[in-house]
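Fair warning: this is a prediction, and the values are worked out from it, not measured in the lab.
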Amino acid sequence: MEIFNEMYGTYYRVVLEILRQRRGLSKQEIAEIVRKLGFDESGLHLLPQLTEQWHLLVKGDGVYESILTKDWVPVQGVLEKRWLKTVLRDPRMGLFLADDEIAKLEQELADYEVLFDADSIWCFDQFRNGDAYSERGYRTIFGVILQACEEKRELELVYRARETLQGTFLPYRLEFSEKNNLFRLLCFRKRDLKPFTLNVGKVMEARLGELVDMVLPEHRSEMVVVTCRVVNHRNAVNRALIHFADYKKKAFRTEREHVFEMEIHCPSGDLMELVIQLLSFGPMIQVLGPDSVVGELKARLARQMEL
């Protein structure tokens with residue numbers, strides 16, 4: 001297992017919930033906890049590890065019991081504190097924490113060095129003109145949108161792209177595009193429940209409205225399902241699941257040994273970003289569909305061959 005970068009992440013929380021149980025659990029009960037708290041593909045890896053390899057559970061009389069005899073106490077090592085201080089330097093942290101909160105955390109971590117600075121990372125396929133994370137107006141609007149998403153409240157928005165869009169919207173979720181270096185708001189227009197995907201940087205005004213008193217449908221606007229096969233060579237399956245963690249996806253075992261099938265749900269606006277990511281896996285991934293994505297992959301490979 002990783003030393004700290006997965007600490008307190010989803011998989012650790014799943015395992016901790018299982019270990020905290022004060023009774024024996026059947027394999028089906030363990031699988032249900034993994035399904036509820038983990039990702040769609042979590043069972044592919046966690047269940048075999050938990051029941052056969054990690055020795056965190058003791059099997060007896062058809063059930064598995066935790067080896068913990070005392071309550072789990074969270075700790076932070078030096079490496080994690082250095083990582084936390086590094087993350088605080090990300091300009092996007094100002095969207096989620098107030099300046100005084102960041103200053104307080106910086107003070108608490110004053111004795112630790114950062115692991116690296118922003119100049120140490122070069123994103124070769126990222127657009128330069130991303131959102132203005134440090135501008136006060138952007139931070140204010142982002143805070144209102146974030147609050148609306150957390151509290152499930154309506155939003156009164158003025159949005160300017162090719163034409164001005166104004167009205168009441170029901171927030172679905174915020175998402176970040178690494179390639180475009182910007183945040184998007186997935187939402188529905190209140191009057192007709194039409195789905196929209198709005199760039200936060202183009203929102204001119206945002207005000208909180210009433211509580212949303214309905215269950216929103218799934219936001220399906222411009223979604224494309226990309227199907228591919230992954231050959232589990234050089235840990236390709238694990239790398240793919242981590243690499244595409246920001247997409248909704250499903251993974252399945254196939255009849256062929258060491259071959260998995262994966263479905264990636266991608267907004268159409270991010271398809272070029274996904275194509276670049278798929279190409280980075282080389283022969284370990286075979287894209288099966290849709291035809292438009294397969295065609296784009298072939299075209300890009302052909303251009304590379306001509307260079």
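Counting only distance, with no hydrogens or angles, the side chain of Asp99 and the backbone of Ile102 share no donor-acceptor pair below 3.5 Å. Side chain of Arg153 to backbone of Gly209: a donor-acceptor contact under 3.5 angstrom is found. With Tyr159 contributing its side chain and Asn199 its backbone, the two residues share a donor-acceptor pair below 3.5 Å. Checked by atom type and distance alone, the side chain of Thr254 never pairs as donor or acceptor with a backbone atom of Glu261 at under 3.5 Å. Between the side chain of Arg82 and the backbone N or O of Val114, at least one donor-acceptor pair lies under 3.5 Å. The backbone N or O of Thr168 sits nowhere less than 3.5 Å from a side-chain atom of Lys190 that would complete a donor-acceptor pair.
Each of Leu165, Leu155, Leu186 was evaluated against Leu198; a single residue qualifies, Leu165, per the side chain to side chain contact (heavy atoms under 4.5 Å, CB included) test.
Counted within 6.0 Å of CG on Asp117, heavy atoms from surrounding residues, nucleotides or ligands total more than 12; the atom is thus considered enclosed. Other residues, nucleotides and ligands place no more than 12 heavy atoms under 6.0 Å from the NE2 atom of His258. Residue-environment remark: CG (Asp61) stays at or below the threshold of 12 foreign heavy atoms within 6.0 Å. Sparse packing is recorded around CD of Glu113, with 12 or fewer heavy atoms of other residues, nucleotides or ligands lying under 6.0 Å away. Other residues, nucleotides and ligands contribute more than 12 heavy atoms inside 6.0 Å of the CD atom of Gln53. By the 6.0 Å contact criterion, CD on Gln107 is open, its count of non-hydrogen atoms from other residues, nucleotides or ligands being 12 or less.
Here Phe252 sits alone; no ILVMFWY side chain lies under 4.5 Å from its own, so it joins no hydrophobic cluster.
Checked against side chain to side chain donor-acceptor pair (under 3.5 Å), Arg23 has the following partners two or more places apart in sequence or in another chain: Glu29. Residues satisfying the side chain to side chain donor-acceptor pair (under 3.5 Å) test with Arg229, not counting sequence neighbours, are none.
A heavy-atom distance below 4.5 Å is found between the side chains of Lys104 and Glu108. Looking only at side-chain heavy atoms (C-beta outward), Met214 and Leu170 come within less than 4.5 Å of each other.
Heavy-atom minimum distance, Pro171 versus Glu154: CD-CA, 4.4 Å. Residues Val293 and Val287 come closest through the heavy atom pair CG1-CG1, 4.2 Å. Among all heavy-atom pairs drawn from Glu151 and Leu211, the shortest one is O-CD2, 3.6 Å.
Note on ring orientation: taking the six-membered ring where Trp is involved, the planes of Phe183 and Phe142 are perpendicular (angle over 60°, cut-offs 30° and 60°).
Ion pairing between Arg300 and Glu296 holds under the 4.0 Å rule for side-chain N and carboxylate O.
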